[in-house]
Visitor: 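Got a structure for you, written out below as C-alpha cells; questions coming shortly.
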There are 2 protein chains.
Amino acid sequence: MTAAEIPEVVINRLPVYVRALALLELEHRDVVSSQELGRELSVTPAQIRKDLSYFGRFGKQGRGYNVQHLLDTLRTILGLDRSWKMALIGAGRLGQAILSYGGFGPQGFHVVKAFDSNPALIGRREGEIVIEDVQDLGASLQRDPVDIGIVAVPGHIAQTVIDVLVANGVRAVLNYAPIAVRVPTGVQLRQIDPVLSLQSMTYFLKQGGLTQSGDLPQLEAEASGA
Amino acid sequence: MTAAEIPEVVINRLPVYVRALALLELEHRDVVSSQELGRELSVTPAQIRKDLSYFGRFGKQGRGYNVQHLLDTLRTILGLDRSWKMALIGAGRLGQAILSYGGFGPQGFHVVKAFDSNPALIGRREGEIVIEDVQDLGASLQRDPVDIGIVAVPGHIAQTVIDVLVANGVRAVLNYAPIAVRVPTGVQLRQIDPVLSLQSMTYFLKQGGLTQSGDLPQLEAEASGA
DNA sequence: GTATGTGAACTCTTTCACAGCC
DNA sequence: GGCTGTGAAAGAGTTCACATAC
C-alpha cells in the first residue's frame with residue numbers, strides 16, 4: 001500500500017546506492033553519511049535521504065547509515081536477495097556477447113535458456129546451455145518459466161518475440177533491439193540502446209564552445225557554506 | 001540562446017523521434033500526425049508537439065508533419081548530419097563486441113581508434129584499426145582527436161581512463177563500466193549498464209500479483225472519447 | 001557538534017484544452 | 001472535418017531548512 005506511491009525514479013536509483021554500498025562494504029566501512037554517498041555518486045545528500053525515507057528510517061542522527069544494514073535492506077527491497085532466471089532470445093553476435101558477459105552471475109542473474117532461429121546455431125552448446133529453436137520459445141517457457149527475457153534479435157522481429165514472451169508469463173524484458181517496443185501495463189521494460197545515447201550527446205557537442213574551452217571544466221562546485 | 005533553455009529530457013527524446021521517422025521514410029510515408037507518432041512510440045501526442053515546439057513550427061494544421069522535412073530538421077538539430085569519430089578504450093571481450101557491432105556506422109558513428117593495456121592485444125588489427133597501448137591514449141588523442149570516448153574497461157580503471165579522455169579534449173563519453181563516474185560540467189556522459197536495469201526491474205517483479213494475473217494485461221487504453 | 005528525516009517551497013515536466021489554421 | 005502550437009493548469013520530482021536525535 002505504501003509501496004504503490006513510491007516514485008519510479010526512486011526505485012531506479014536504489015541499485016546505484018546498492019552498488020556504492022557494496023564497494024564500501026568491501027572496504028569494511030561501518031558507517032556512511034548521505035553527504036559522503038552523495039559525493040561519491042554525484043547526487044545531493046537530500047535526495048539520498050528523501051529516497052531512503054520512502055522505505056523507513058535507516059540512519060542514526062549525528063552518525064549516518066550503517067553500511068551493512070542499509071545494503072542488506074536495499075537488497076531485500078529490490079529483490080536482490082534471491083536469484084533470477086533469464087531467457088536470452090537471439091544468440092547471434094550480440095547474444096553471444098551477452099552470454100559470455102561475466103557481470104550478471106555475481107549479481108544473481110542467470111541466463112538459463114537461449115533461443116535463435118538460425119539452424120546453424122540451434123542445438124549448439126554455449127557453456128551450460130543449449131540453444132533452442134525460437135519456434136519453441138512459448139512451449140519451453142511453459143515447461144520451465146523464467147523471470148526475465150533478454151531480447152537480442154534484429155529490430156523487425158523484436159516486437160513479435162516480446163509478445164511471445166509476455167504471452168508466456170514473462171513480466172520483465174531487457175531489450176537490446178534498437179526499436180521502440182510496446183508491452184502491456186504491468187510488464188517491465190528497459191532498453192539498452194547505445195545509439196540513442198550517442199545521438200543525444202551529439203546535440204551538446206554541436207553546441208560547441210559554450211562549456212568547452214570557455215569556462216574551466218570543474219567538478220560540481222561544493223558549496224561548503226552551510 | 002533559445003537553445004540554452006531547452007530541457008535535457010526533450011533532447012533525449014529527439015533521437016527516438018528520429019528513429020521512428022526514419023522508419024516512416026522507408027515506407028515512403030509523406031505525412032504523420034503527432035497522434036500516430038505517439039501511438040507508435042507510446043508517447044502522448046501533446047508531448048511530441050510540445051517537444052517539437054521548442055525548435056520551431058514544423059507541422060501543418062489539419063495534416064500533420066512532413067516526414068522527410070521533420071526528419072531532416074531533427075537530424076540537423078541533433079548534429080546527425082555529419083559523422084563522429086570515436087575512440088574505444090578497452091578491447092577485451094566487451095570491447096571486441098562493440099568493435100564488431102554493426103549499428104554505429106550506418107548512423108554516422110565510427111570507432112577510429114582502440115586502446116588496451118594487454119600486451120597480447122596491443123598491435124593487433126581489428127578491421128580497419130590497430131589496437132594501441134592505453135599508455136599512449138593522451139598522446140594519440142592530441143595527434144588525432146576524436147569526438148567521443150567509449151569506455152569498456154574494468155570498473156576500477158574507468159575513472160582514470162575517463163579523466164585522461166577529458167584532459168585530452170573529449171567532451172562526450174559512453175561508459176560501459178559498471179560504476180558511477182564523475183565528469184566535469186560540460187562533458188556529456190551516458191551509462192550503458194544492463195545490471196542496473198535488471199536490478200530495478202526485480203523490484204516490480206517482487207511486488208508480484210499486483211498487475212500480474214489479476215487484471216488483464218492490456219495495451220495503454222486508448223481513450224477514444226475526445 | 002553532526003547528520004537524519006521530512007514538511008514546505010520550489011523547480012521541472014507533462015498534460016490539458018482551445019484558438020488558429022488547413 | 002482534422003491537427004498543430006501553446007499558454008495555463010496540473011502533476012512530479014528535487015531541494016531547502018530545520019526540528020529532532022545521537
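Labels below follow one simple rule: chain letters A, B, ... track the order of the sequence lines, proteins then strands, and each chain is numbered from 1.
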Visitor: Which ones in residues 24-34 of chain A lie close to DNA chain C, meaning a heavy atom under 4.0 Å from one of its atoms?
Guide: A:Ser33, A:Ser34
Visitor: Please compare A:Val9 and A:Lys60 by the position of their nearest nucleotide in DNA chain D and report the one closer to 5'.
Guide: A:Val9
Visitor: Between atom CG in B:Leu52 and atom P in C:dT14, what is the gap in whole Å?
Guide: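 One finds 13 Å between P of C:dT14 and CG of B:Leu52, rounded.
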Visitor: Taking N or O atoms only and anything under 3.5 Å, show me the protein contacts with nucleotides 15-19 of chain C, one pair per line.
Guide:
unit_1, atom_1, unit_2, atom_2, d
C:dT15, OP2, B:Thr44, OG1, 3.0
C:dA17, N6, B:Arg49, NH2, 3.3

Visitor: Is the number of heavy atoms from other residues, nucleotides or ligands within 6.0 Å of CZ (B:Arg82) greater than 12?
Guide: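 Enclosed: over 12 neighbouring heavy atoms sit under 6.0 Å from CZ of B:Arg82.
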Visitor: Starting at atom CD of B:Glu36, determine the distance to atom P of D:dC3, rounded to an integer number of angstrom.
Guide: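 The answer, rounded to whole Å, is 10 Å.
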Visitor: Among B:Leu52, B:Leu21, B:Asp30, which residue satisfies the side chain to side chain contact (heavy atoms under 4.5 Å, CB included) criterion with B:Tyr65?
Guide: B:Leu52
Visitor: In terms of side-chain geometry, is the basic nitrogen of A:Lys206 or B:Asp147 positioned less than 4.0 Å from the acidic oxygen of its partner?
Guide: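 Salt bridge between A:Lys206 and B:Asp147, a charged N being under 4.0 Å from a carboxylate O: no.
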Visitor: Can you establish whether the number of heavy atoms outside B:Gln68 located under 6.0 Å from its atom CD is more than 12?
Guide: yes
Visitor: In whole Å, I'd like the distance from the CZ atom of B:Arg57 to the P atom of C:dG20.
Guide: 12 Å
Visitor: Is atom CZ of B:Arg29 surrounded by more than 12 heavy atoms (other residues, nucleotides or ligands) closer than 6.0 Å?
Guide: yes
Visitor: Counting only heavy atoms not in A:Glu40, do more than 12 sit closer than 6.0 Å to its CD atom?
Guide: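 Count not over threshold, so no.
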Visitor: What I'd like to find out is whether the side chain of B:Arg190 reaches to under 4.5 Å of the side chain of A:Ser200, using heavy atoms alone.
Guide: yes
Visitor: If only side-chain N and O atoms of A:Tyr65 are considered, is one of them under 4.0 Å from the OP1 or OP2 phosphate oxygen of C:dG5?
Guide: yes
Visitor: Check the distance between C:dT14's P and B:Ile6's CD1 and give it to me in whole angstrom.
Guide: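 B:Ile6 atom CD1 is separated from C:dT14 atom P by 14 Å.
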Visitor: Phosphate oxygens OP1/OP2 of C:dT14: is one of them under 4.0 Å from a side-chain N or O of B:Arg13?
Guide: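 Yes, such a contact exists.
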Visitor: In whole Å, I'd like the distance from the CZ atom of B:Phe58 to the P atom of C:dC22.
Guide: 17 Å
Visitor: Rounded to whole Å, how long is the line connecting atom CG of A:Asn12 with atom P of D:dA12?
Guide: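 Interatomic distance, CG of A:Asn12 to P of D:dA12: 16 Å.
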Visitor: Would you mind telling me which residue lines up with the more 5' stretch of DNA chain C, B:Asp51 or A:Gly62, judged by nearest nucleotide?
Guide: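 That would be A:Gly62.
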Visitor: Flag yes if more than 12 heavy atoms outside A:Arg13 fall under 6.0 Å of its CZ atom; otherwise flag no.
Guide: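 Enclosed: over 12 neighbouring heavy atoms sit under 6.0 Å from CZ of A:Arg13.
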Visitor: So which of B:Asp72, B:Asn66, B:Leu74 actually passes side chain to side chain contact (heavy atoms under 4.5 Å, CB included) with B:Leu70?
Guide: B:Leu74
Visitor: Categorize B:Pro45 for me: base, sugar-phosphate, or nothing, with a 4.0 angstrom heavy-atom threshold over every strand shown.
Guide: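 No contact.
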Visitor: Expressed in angstrom and rounded to an integer, what is the separation of B:Arg39 atom CZ from D:dC3 atom C1'?
Guide: 13 Å
Visitor: Measure CD/A:Glu5 against C1'/D:dG13 and give the value in whole Å, please.
Guide: 15 Å
